[in-house]
Engineer: 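Pasting a structure below so you can have a look.
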Amino acid sequence: MTIHEPGRRLMHSVQLKYVQKKVAGGGQRQVAAGLSLTSMIDFLVTIVVFLLITFSASGEIPAAKNVRLPTAENTMDMIDAPIVSIAGQAILVDGAPAGNTRAVEESKRMQRIDELFNILKGKREVWRQLHPGKDFPGVVVLQIDQDVTAVVVKSVFQTSAFAGFPNVSFMVNGASKTPGGTAQ
Amino acid sequence: MGGVSVEGGGGSKRAVDAEINMIPMIDLLMVTISFLLITAVWSHMSRINADAQVPGPPREVEPTQVEPEKQLHVEMRAPDKFVLIWKQGGTVVSTVDVPRKDNLIVKDGVKNIRFPDLAAKIEAEWKTAGSHRDATDKKFDQAVLHTDNETPYVYIIGVMDAIYQPHRPYTAGGKTEQVPSFNVTFAVN
């Protein structure tokens, strides 16, 4: 029997190596893994930079309650303009009540909606006073529920045009283009 | 603790770098990520444009009589077909029927309809009969949508989407980009 130099021991009969092995997982994979702080901070900073770059306020226009917008592929980015919402029979301009579509639905004929007309005309006058000497863009965004009938759509469209907003945009959910023509 | 000390050995001089406490820094990063994720906009709204063709104010000197331009009239009144009519003033130049297949998809209460055959036909028609195809041309071909009063809005958007499928180059301010070939408006009757 060879003579060994005594190693470090925990107890008389237990070698320190045995305890170290047990703590390290007893030959099995360790439960706790080490985390490199440098890599983690790099990762977090990269995420922050990516999110800041992709952060955009455009298109952040909230849809009115109970308005289910249709989807379209060939669309443009949203612009800042007065929003006319039609949900059920109520008409809202920038969230404020602006009449209803009852008369149009009952007559089933295209007609001017006077309350909407007056509110839009007022908005145009305010814009002109705030931007003297500038050309009025005349853009209005219509936020219309998918089941609203064409007679209401056309009435609101024409009313907006007569009130000085001939460039009418229809708000939709943007869909990615697909070769088959079905939006996703 | 992180940070690199680059003391220049100036003795009494103050250290150039200060140490950063890692725990608040990671907390700050986490809070920033959470804020950006919560405020991120995942469903982007878009728009489809239409022009109401409102006549401008009366001019003092009336322009000389110009020949009316060709317009593409899209009829969607029939349940089984679309009718594409090129008109110049009151004269019908050509008429094409496109079979109509209403493939309405309803997902989570949201309706979605596409007319790929109509879009392909409109694109073909514009390529053969469109008047404004040059990138430097500031005017656009006009499409007029005819629909009955009972048609749901989702169908109107489906047809407008098909009309906006053909694109053309458009140069403005030295920059050329692809824009829809047609301007769309609604027929009054």
Side-chain angles (χ1 to χ4, degrees), chain A residues 37-38 40-41 44-45 47-48 51-52 54-61 63 68-79 86 108-110 138 141 143-154 157-158 160-162 164-175 180-183, chain B residues 2 22 25-26 28-30 32-33 35-37 39-41 43-54 76 103 105 107-117 119-120 147-158 160-167 179-180 185-189:
Chain A
L37 205 57
T38 311
M40 194 184 92
I41 291 169
L44 291 175
V45 169
I47 290 176
V48 168
L51 288 169
L52 280 173
T54 56
F55 185 81
S56 164
S58 67
E60 204 183 1
I61 295 157
R68 293 159 300 168
L69 295 171
T71 309
E73 292 177 357
N74 301 294
T75 57
M76 291 181 277
D77 288 337
M78 282 300 295
I79 49 166
I86 302 170
K108 296 191 175 171
R109 290 184 63 189
M110 208 171 87
V141 177
Q143 194 181 64
I144 305 176
D145 187 81
Q146 60 188 5
D147 293 323
V148 169
T149 53
V151 67
V152 174
V153 176
K154 287 195 280 186
F157 183 82
Q158 288 294 333
S160 304
F162 287 138
F165 293 84
N167 297 318
V168 181
S169 289
F170 297 96
M171 192 191 280
V172 292
N173 286 313
T182 306
Chain B
M22 280 295 127
M25 189 187 135
I26 292 170
L28 177 72
L29 286 172
M30 290 290 189
T32 311
I33 289 169
F35 169 77
L36 289 169
L37 282 172
T39 57
V41 181
S43 63
H44 269 264
M45 297 298 171
S46 304
R47 66 190 174 105
I48 278 189
N49 208 33
D51 189 356
Q53 300 283 305
V54 176
M76 59 177 296
N103 184 21
I105 300 163
K107 192 178 175 186
D108 300 329
V110 178
K111 293 174 183 171
N112 179 20
I113 192 157
R114 291 285 168 276
F115 300 106
D117 296 344
T147 173
D148 63 30
N149 287 343
E150 295 301 315
T151 306
Y153 175 60
V154 66
Y155 287 80
I156 296 171
I157 290 296
M160 285 177 76
D161 199 16
I163 295 171
Y164 277 122
Q165 179 153 306
H167 279 63
V179 295
T185 191
F186 286 98
V188 176
N189 50 5

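Naming convention: chains lettered A, B, ... in sequence-line order (proteins, then strands); numbering from 1 in each chain.
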Engineer: So A:L52 and B:L36, do their side chains get closer than 4.5 Å, heavy atoms only?
Structural biologist: yes

Engineer: Less than 4.5 Å to any heavy atom of chain A: does that hold for the side chain of B:I156, its backbone, both, or neither?
Structural biologist: side chain

Engineer: Is there a side-chain contact between A:R68 and B:V154, using heavy atoms and a 4.5 Å cut-off?
Structural biologist: no

Engineer: Does the A:K154 side chain pair with the main chain of B:T147, one donor and one acceptor, at a distance under 3.5 Å?
Structural biologist: yes

Engineer: A:F170 and B:I157: which non-hydrogen atoms are nearest, and at how many Å?
Structural biologist: CB-CD1, 3.9 Å

Engineer: For A:T149 and B:E150, which heavy atoms make the closest approach, and how far apart are they?
Structural biologist: CG2-O, 4.0 Å

Engineer: Look up atom CE in B:M45 and atom OG1 in A:T75, then write down how far apart they are to the nearest 0.5 Å.
Structural biologist: 12.0 Å

Engineer: Considering non-hydrogen atoms only, spot the tightest contact between B:S46 and A:G174 and give its length.
Structural biologist: OG-CA, 3.6 Å

Engineer: Under a 4.5 Å cut-off applied to non-hydrogen side-chain atoms, are A:M110 and B:N149 in contact?
Structural biologist: no

Engineer: Checking heavy atoms, do the side chain of B:A50, its backbone, both or neither come under 4.5 Å from chain A?
Structural biologist: both

Engineer: Can you tell me if B:R47 uses its side chain to pair, donor with acceptor, with the backbone of A:V172 under 3.5 Å?
Structural biologist: no

Engineer: Nearest 0.5 angstrom please: A:L44 CG to B:I33 CD1, how far?
Structural biologist: 4.5 Å

Engineer: Could you measure the distance from the CZ atom of B:R114 to the OG1 atom of A:T71? Nearest 0.5 Å is fine.
Structural biologist: 6.5 Å

Engineer: So, taking the atom named CD in A:E73 and the one named CG in B:N112, what distance separates them when rounded to the nearest 0.5 Å?
Structural biologist: 8.0 Å

Engineer: What distance separates B:T39 OG1 from A:L51 CG, expressed to the nearest 0.5 Å?
Structural biologist: 8.5 Å

Engineer: Which one wins on heavy-atom pair count under 4.5 Å against chain B: A:V153, A:N167, A:V148, A:I144?
Structural biologist: A:I144

Engineer: How far does CG of A:N74 sit from CD1 of B:I163, to the nearest 0.5 angstrom?
Structural biologist: 11.0 Å

Engineer: Is it the side chain or the backbone of B:D117 that comes within 4.5 Å of chain A heavy atoms, both, or neither?
Structural biologist: neither

Engineer: For the side chain of A:Q158 and the backbone of B:F186, is there at least one donor-acceptor N/O pair under 3.5 Å apart?
Structural biologist: no

